[in-house]
Amino acid sequence: MRYLAFLAVGIIPAVSALWPMPRTLTNGSDFLILSPSFAINVDITKPPGDLLAAVAQTKTYLETDKLERLIPGRSASDAPSLKKAGVLPSLTLSLQSKSSPVLSIASEAVKDLHSRSEGYTLSIPADGSPAHLSANSTLGLFRGLTTFTQFWYSDAEGKTTYTNVAPVNIANDVPAYPYRGLMLDTARNFFPVADIKRTLDAMSWVKINTFHWHITDAQSFPLSLPDFPELAAQGAYSSNQIYSAADVQDVATYAAERGIDILMEIDTPGHTTAISLSHPSFVACPYAAPWSSFANEPPAGQLRLATPAAVNFTKEVIGAAAKALPGKYFSTGGDEVNMKCYDDDAQTQADLKASGQTFEQALSAFVGATHSALAALGKSAVVWEEMVLDFNITLAPDTVVMVWISSANAALVAAKGFSFVHAPSDYFYLDCGAGEWIGDDPTGNSWCDPFKTWQHAYTFNPLANITSEQAHLVLGGQQLLWTEQSDANNLDSIVWPRAAASAEIFWTGATLPDGSPLSGTEAIHRLHDLRYRMVQRGVKAIQLQPQWCALRPDLCNINS
């Protein structure tokens with residue numbers, strides 16, 4: 001048996017199946033078969049139901065993935081080694097912390113970002129001894145189970161499940177950053193709950209822990225709030241394209257049981273035209289033309305942020321939406337505020353004059369009112385970068401900022417002292433490069449062209465232009481799908497496996513276990529594997545290369 005210590009600099013790990021790569025890893029090159037009677041034992045008093053469900057799901061994946069190794073000849077090449085392989089009888093789960101009662105995965109997943117415990121330790125012996133997975137929380141155990149499933153392949157007949165890298169030791173694999181997200185816009189086009197759930201499953205497979213749900217926008221308001229049923233009744237595309245209160249609870253529960261928190265966003269004061277259908281007196285310049293003078297995309301319309309009744313209404317809507325979710329964070333948006341809309345709106349100008357406020361003072365009061373509704377619920381506000389960089393308004397110190405316009409703006413936000421999430425359009429926008437969606441513009445391109453490949457996203461450096469004193473402000477990052485040209489029909493292929501790029505950047509950090517920097521040349525071996533495994537599990541992830549290259553990635557490099 002040859003044993004490889006991958007903490008030694010200069011040796012690239014031979015494990016081609018893991019994504020994201022653990023931050024610590026040693027493994028060998030022995031073959032090991034899962035016993036036909038393989039068991040996962042939970043050595044925990046009164047284990048929560050969602051942990052037991054995760055164990056059952058893990059066993060299902062081990063039994064049904066049926067993924068052959070991505071090498072020439074596929075599993076047939078491994079047949080001689082399997083004849084003399086050891087057999088793994090079981091995996092035992094335990095908690096390092098003995099606190100009681102044991103919290104569920106769902107409860108751990110919605111804690112404050114800095115309080116979540118996602119680390120785990122995993123050992124898989126090669127000598128037939130049981131494997132062991134331990135963590136400080138059920139959430140950490142869930143992350144470890146996710147890693148465990150990625151080691152295993154199937155022979156061509158689907159009768160033998162095995163790995164070729166035993167023994168394995170992963171010691172205290174903890175994420176480099178606490179926030180690892182994916183944003184989905186369900187307002188430009190509607191996405192059924194089933195498709196959101198499938199996306200949540202795929203997110204959990206790569207340890208993404210935040211679903212940023214951009215649920216409303218100018219085009220539609222599909223969120224049904226019990227206190228404000230008229231918003232969705234008149235603002236949704238149809239009665240069949242509404243997220244009921246039960247739907248929201250269903251998605252939130254499903255996500256949390258998979259280690260994912262929901263960051264819901266109701267964008268304000270811009271991007272709110274749909275509200276004018278039920279509350280016309282609260283919205284300035286609704287459907288004004290030409291729309292390009294009043295908004296960044298059609299239709300124009302923004303909340304009258306200086307009208308007291310509109311401010312109070314918005315505060316109550318934000319509070320009603322936020323109280324329906326268990327997590328600590330909620331986004332009030334704040335991007336792309338259009339000044340001409342307000343300058344030309346007689347009601348806004350009259351309200352400003354009556355109150356004696358400048359526009360920025362009114363904006364600050366508006367944002368303060370909505371954020372006070374969140375603070376009353378013990379939640380922290382999330383805003384887009386304009387609220388920090390374009391306006392002089394008062395924000396609570398715990399406000400989280402999304403940097404989206406350019407990766408270069410992260411340094412500007414850090415200089416203001418706010419914690420922030422990397423979501424830059426020049427790296428992480430999944431919709432870029434699809435061509436112009438605005439009509440009567442046959443030669444136009446999408447504003448954020450070109451297409452953002454996984455390889456480009458994978459080069460992102462979270463600490464570029466960030467000083468060592470500011471590094472603690474970087475919470476993590478996410479990739480985003482704005483859906484002007486997407487719905488459930490292309491959701492999987494436009495997101496996966498590209499969104500896995502940032503999942504690894506913000507879990508693994510800047511270096512692999514051997515100390516070498518993240519490298520697309522090394523990563524493509526593993527990303528191919530992840531993509532094929534996703535397809536086995538029902539997610540229609542797009543191909544990265546011809547299958548010939550998937551079996552021989554190095555031979556398809558530009559200089560090979």
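Starting from 1, each residue takes its place in the sequence as its number.
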[Y] and [X] side chains, donor-acceptor separation under 3.5 Å:
X      : Y      : answer
Ser117 : Lys111 : no
Tyr120 : Asn172 : no
Ser407 : Asp426 : yes
Asn209 : Glu118 : yes
Glu108 : Thr138 : no
Asn296 : Trp447 : no
Thr186 : His214 : no
Asp449 : Ser446 : yes
His271 : Gln302 : no
Gln219 : Glu297 : yes

Please examine the side chains of [Y] and [X], heavy atoms only from C-beta on, and report whether any two atoms are closer than 4.5 Å.
X      : Y      : answer
Trp454 : Trp496 : no
Val367 : Leu363 : yes
Asp201 : Arg537 : no
Val206 : Glu504 : no

Between Tyr179 and Phe506, does the ring centroid distance fall short of 6.0 Å?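 No, too far apart.
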
Answer with yes or no after comparing the ring centroid distance for Trp213 and Phe330 against a 6.0 Å cut-off, counting only values under it.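 Judged by ring-centre distance (under 6.0 Å), Trp213 and Phe330 do not meet the cut-off.
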
Enumerate the residue pairs fulfilling side-chain hydrogen bond (donor to acceptor under 3.5 Å, both in side chains) with a member in residues 429-439, sequence neighbours excluded, ordered by first and then second residue.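 Applying side-chain hydrogen bond (donor to acceptor under 3.5 Å, both in side chains) to every pair that reaches into residues 429-439, excluding sequence neighbours, yields Tyr429-Trp482.
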
Please output the side-chain donor-acceptor pairs of residues 409-424 that fall under 3.5 Å, not counting sequence neighbours, one pair per line with the distance.
{"unit_1": "Asn409", "atom_1": "ND2", "unit_2": "Glu385", "atom_2": "OE2", "d": "2.6"}
{"unit_1": "His422", "atom_1": "NE2", "unit_2": "Pro462", "atom_2": "O", "d": "2.8"}

Check ion pair [X]-[Y] (N to O, under 4.0 angstrom):
X      : Y      : value
Arg116 : Asp261 : yes
Lys340 : Asp343 : no
Arg533 : Asp529 : yes

Check side chain to side chain contact (heavy atoms under 4.5 Å, CB included) between Ser292 and all other residues, then give those that pass, not counting sequence neighbours.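 Ser292 satisfies side chain to side chain contact (heavy atoms under 4.5 Å, CB included) with Pro290 once adjacent residues are dropped.
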
side-chain hydrogen bond (donor to acceptor under 3.5 Å, both in side chains) partners of Tyr427, counting only residues at least two apart: none

side-chain hydrogen bond (donor to acceptor under 3.5 Å, both in side chains) involving Asp345 - partner list, sequence neighbours excluded: Arg304, Thr348

Just wondering, are more than 12 heavy atoms of other shown residues or ligands nearer than 6.0 Å to CG in Asn465? no

Closer than 3.5 angstrom, by distance alone: can the side chain of Ser560 be matched with the main-chain N or O of Asn557 as a donor-acceptor pair?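 At least one qualifying donor-acceptor pair exists.
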
State which residue, out of Ser16, Pro553, Cys549, fulfils the side chain to side chain contact (heavy atoms under 4.5 Å, CB included) condition with Ile524.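 Output: one option passes, namely Pro553.
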
Not counting sequence neighbours, list each pair that qualifies as a disulfide (SG to SG under 2.5 Å) and has a residue in residues 402-434. Cys432-Cys448

